[in-house]
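Here's the structure, in structure tokens; my notes come after.
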2 protein chains.
Amino acid sequence: MTTIYDIAKKTGYSPTTVSKAFNNYSDVREKTRQEILRTAQEMGYLPNAHARTLTTKKSWTIGVLFVEGTGAGIRHPFFSAVIESFKQVAVAKGYALMFISKDVGGKQSGYLENCRIRGVDGVVVFLSDYNDPYFLELLESDIPTVILDYDTPQSHTVCSDNRAGALLAVNYLASLGHRRIGHISGGGNSFPGSERELGYIAAMEELGLGVPDGYIAEGAFFSRESGYDAMLKLLELPECPTAVFASGDLLALGAVMAAKDKGLSVPSDISVIGYDDIELAAYVSPALTTIRQDTEMLGTRAAEILIASIDGKGQDKEALMLPVEVVVRESCAPPGRA
Amino acid sequence: MTTIYDIAKKTGYSPTTVSKAFNNYSDVREKTRQEILRTAQEMGYLPNAHARTLTTKKSWTIGVLFVEGTGAGIRHPFFSAVIESFKQVAVAKGYALMFISKDVGGKQSGYLENCRIRGVDGVVVFLSDYNDPYFLELLESDIPTVILDYDTPQSHTVCSDNRAGALLAVNYLASLGHRRIGHISGGGNSFPGSERELGYIAAMEELGLGVPDGYIAEGAFFSRESGYDAMLKLLELPECPTAVFASGDLLALGAVMAAKDKGLSVPSDISVIGYDDIELAAYVSPALTTIRQDTEMLGTRAAEILIASIDGKGQDKEALMLPVEVVVRESCAPPGRA
DNA sequence: GCCCACAATGAAAGCCCTTTTATATTCACT
DNA sequence: AGTGAATATAAAAGGGCTTTCATTGTGGGC
């Protein structure tokens, strides 16, 4: 392994000058720099990131904190898409991505501890449970963070506009002529889930439709199974909806299945709109009309915000909200003549 | 930031003893160790991974090399599932995962260079193009690697048994009564793709069916579009197949679509079997019969092999091949009476 | 000819930790 | 009391890099 000392010895300059040559200090002569750089090249020199980090206190590493309650882990489609675009920006700016876990060296310890030990410069957070005490510990710390799909003044946040998305969905259904619009919520305490539910309620009020009893059916964990069950409940209502806005695509898929099993056809008997535009959505039959989030932009902007924060620019916590759009496919139609 | 020196000062012991206390050296008295550990706790001491790495030359970091030709990046469903189980094993053994890219500090440099600079202990590799000169450079190096879905004596490898999978697929179709079985290949130069094709040919020979002219249709990049086109070609054959084994699920989905567009029904007119069992497979209609790889085992075993290699255990390159299974759903049936 | 500013280089200390080697202490046993 | 092990602790030398501060040399201005 070649070090700056080896280069110093070979060129006759001091280690100091070699180091400065690499770091573009203005006080090393251009001719000297060239000579050092050439020698380094010849000797196959590569800097040692750990040594550099030790002195500079900057690791050029961003931690990725991702935990999904259901245990699906990294497979979550939304996460994958966002982190990929995040990565591209980060890499372009010189950062590497490292997964942060609760354990380090095989023993439980917590995210913050792990971040400190590894010396990450910042963390991008993706959680389903934002009440996790280990996460809160990180949030309280001075480590720069950007959180996706959540809202808190304690950190930079990036999320898509869930309320607006719900509004869009309901208004789209209304524009097709629906008046009896039900909602399948994501269940529990997820931030996007409750925002979408709030958006649904607001939209219904705005349209003067109100929210009839039982029109909000709870689905758990955004799963297909719970969507199925929720739809069944909606269909049992005396005045059952002619259209349903599901808080997630998997929920919607479950709902479509339930409708089919009840002998109803989608969309001619009942319309279903989902949320997220997962890859599946385009392939199922009927292809799912849904709300699309701009996952690429989400990742890109999150990276930019986090890196700016690491660089110490902008003291205020930024709360970015990105617009969403309706993707019209086949699962919605005007209400039947029933 | 507390260091071992701070602890040394507070307890009155030397930094040496403090370090030894943490590293379970046998030559520090139990009582002393306890005192040091307690003080460390009180002072909120956390070790500095970079300093440790600098002296020990071990970073407890595993590089993740993942590039997909199509630009889908991390979204590839197969990758996500495998890496998640890989990560669990790695974390349990004390390693963190870090993405390796060609660029470092914003400038192009190559994977090997990046690995050296970051000092990763080993690398898990996932590529679509194994001819990438930057990858080859890494392969030639002395850094321990484990490669997924590929076969080379230069590295440990883990893949599922693609030939056996193809055999399984063809035999399953044959068991339903099919004799005219076509194949849609993955196209080009992917390792799993050509293995599956070889497996298909072997299976057909073994069954005494041979491979009629035009029965292998090339689909590019395992994409749905190319599967569609390939199916069209198969259907134009004078003696067209009654069943098709597609080298990937997306190809199969495209094939099903093409059949439908040609007025054929799947599976009553023509059967289609896919490969991979992507999440989609269960949701489309008809639900896709396919070959499933044990992605969890793939990741787990890859991690175990890589870590053993890092630990210097076992000199020989291991080439692990995992069994696959048929997942029967709805897209295959006995041939029609035609 | 002298002083000053400036350009170019280097010495040395420091970042935090591990490990080898040396020293000090204890104890068992003659 | 004296020797030889153990046992317990510490000193010191790295590991590779950055950065502050000092040093040397050069030319311009008076």
Checklist entry - Charged N to carboxylate O below 4.0 Å: is that the case for B/R116 and B/D142? => result yes
Checklist entry - Can you name the one residue among A/V67, A/L112, A/I147 that meets side chain to side chain contact (heavy atoms under 4.5 Å, CB included) with A/F135? => result A/I147
Checklist entry - Hey, are B/S59 and B/R52 close enough side-chain-wise for a donor-acceptor pair under 3.5 Å? => result no
Item to check | Six-ring centre of B/F99, A/K87 cation under 6.0 angstrom, axis tolerance 45° | outcome: yes
Next on the checklist: Quick check on C/dT18: is either OP1 or OP2 less than 4.0 Å from any side-chain nitrogen or oxygen of B/S19?
Outcome noted: yes
Checklist entry - Taking atom NZ of B/K58 as the centre, does the number of heavy atoms from other residues, nucleotides or ligands within less than 6.0 Å exceed 12? => result yes
Atom pairs and distances, side-chain donor-acceptor, residues 38-49 of chain B, under 3.5 Å, sequence neighbours left out:
residue, atom, partner, partner atom, Å
B/T39, OG1, B/E35, O, 2.7
B/N48, OD1, B/H50, N, 2.8
B/N48, OD1, B/A51, N, 3.0

Next on the checklist: OP1 or OP2 of C/dC17 versus the side-chain N and O atoms of B/Y45: is any pair under 4.0 Å?
Outcome noted: yes
Checklist outcome for this item: In numerical order, the residues of residues 52-63 of chain B whose heavy atoms come under 4.0 Å of DNA chain D are B/L54, B/T55, B/K57
Checklist outcome for this item: Rounded to whole Å, the NE2-P distance (A/H50 to C/dT18) equals 14 Å
Checklist entry - Roughly, in whole Å, what's the span from CD1 in B/I4 to P in D/dA11? => result 13 Å
Next on the checklist: What is the distance, to the nearest angstrom, from the CE atom on B/M1 to the P atom on C/dG14?
Outcome noted: 18 Å
What are the atom names and distances for every N/O pair under 3.5 Å that joins the protein to nucleotides 8-12 of chain C?
residue, atom, partner, partner atom, Å
C/dT9, OP1, A/R29, NH2, 3.1
C/dT9, OP1, A/T32, OG1, 3.0
C/dT9, OP2, A/R29, N, 3.1
C/dT9, OP2, A/T32, OG1, 3.2
C/dG10, OP2, A/S14, N, 2.8
C/dG10, OP2, A/S14, OG, 3.3
C/dG10, OP2, A/T17, OG1, 2.9
C/dG10, O6, A/K20, NZ, 2.8
C/dA11, N7, A/T16, OG1, 3.1
C/dA11, N6, A/T16, OG1, 3.1
C/dA12, N6, A/T16, OG1, 3.3

Item to check | Audit row: A/E30, A/R33, salt bridge (charged side-chain N to carboxylate O under 4.0 Å, His left out) steps and yes/no | outcome: CA-CA 5 Å; A/E30 188 52 30; A/R33 181 199 314 288; 3.3 Å; yes
Checklist entry - Which residues satisfy the side chain to side chain donor-acceptor pair (under 3.5 Å) test with B/T32, sequence neighbours excluded? => result none
Item to check | Short side-chain N/O contact from A/N48 to OP1 or OP2 of D/dG15, under 4.0 Å | outcome: no
Checklist entry - Taking atom types as they are modelled, is there a donor-acceptor pair under 3.5 Å from the base of C/dC16 to the side chain of B/Y5? => result no
Next on the checklist: How many whole angstroms separate atom NZ of B/K31 from atom C1' of D/dT9?
Outcome noted: 14 Å
Checklist entry - How bent is the helix from C/dG1-D/dC30 to C/dT30-D/dA1, comparing axes over its five end pairs at each side, to the nearest 10°? => result 60°
Checklist outcome for this item: To the nearest angstrom, the CG-C1' distance between A/D6 and D/dG14 comes to 15 Å
Checklist entry - Considering residues, nucleotides and ligands other than A/K317, do more than 12 of their heavy atoms fall under 6.0 Å from its NZ? => result yes
Next on the checklist: OP1 or OP2 of C/dT19 versus the side-chain N and O atoms of B/Y25: is any pair under 4.0 Å?
Outcome noted: yes
Checklist entry - Roughly how many Å is it from CZ in B/R116 to C1' in D/dC17, rounded to a whole number? => result 19 Å
Item to check | Minimum heavy-atom distance B/N114-B/S101, with the two atoms named | outcome: ND2-O, 2.7 Å
Checklist outcome for this item: In short, side-chain hydrogen bond (donor to acceptor under 3.5 Å, both in side chains) pairs touching residues 299-308 of chain B with sequence neighbours left out are B/R301-B/E304
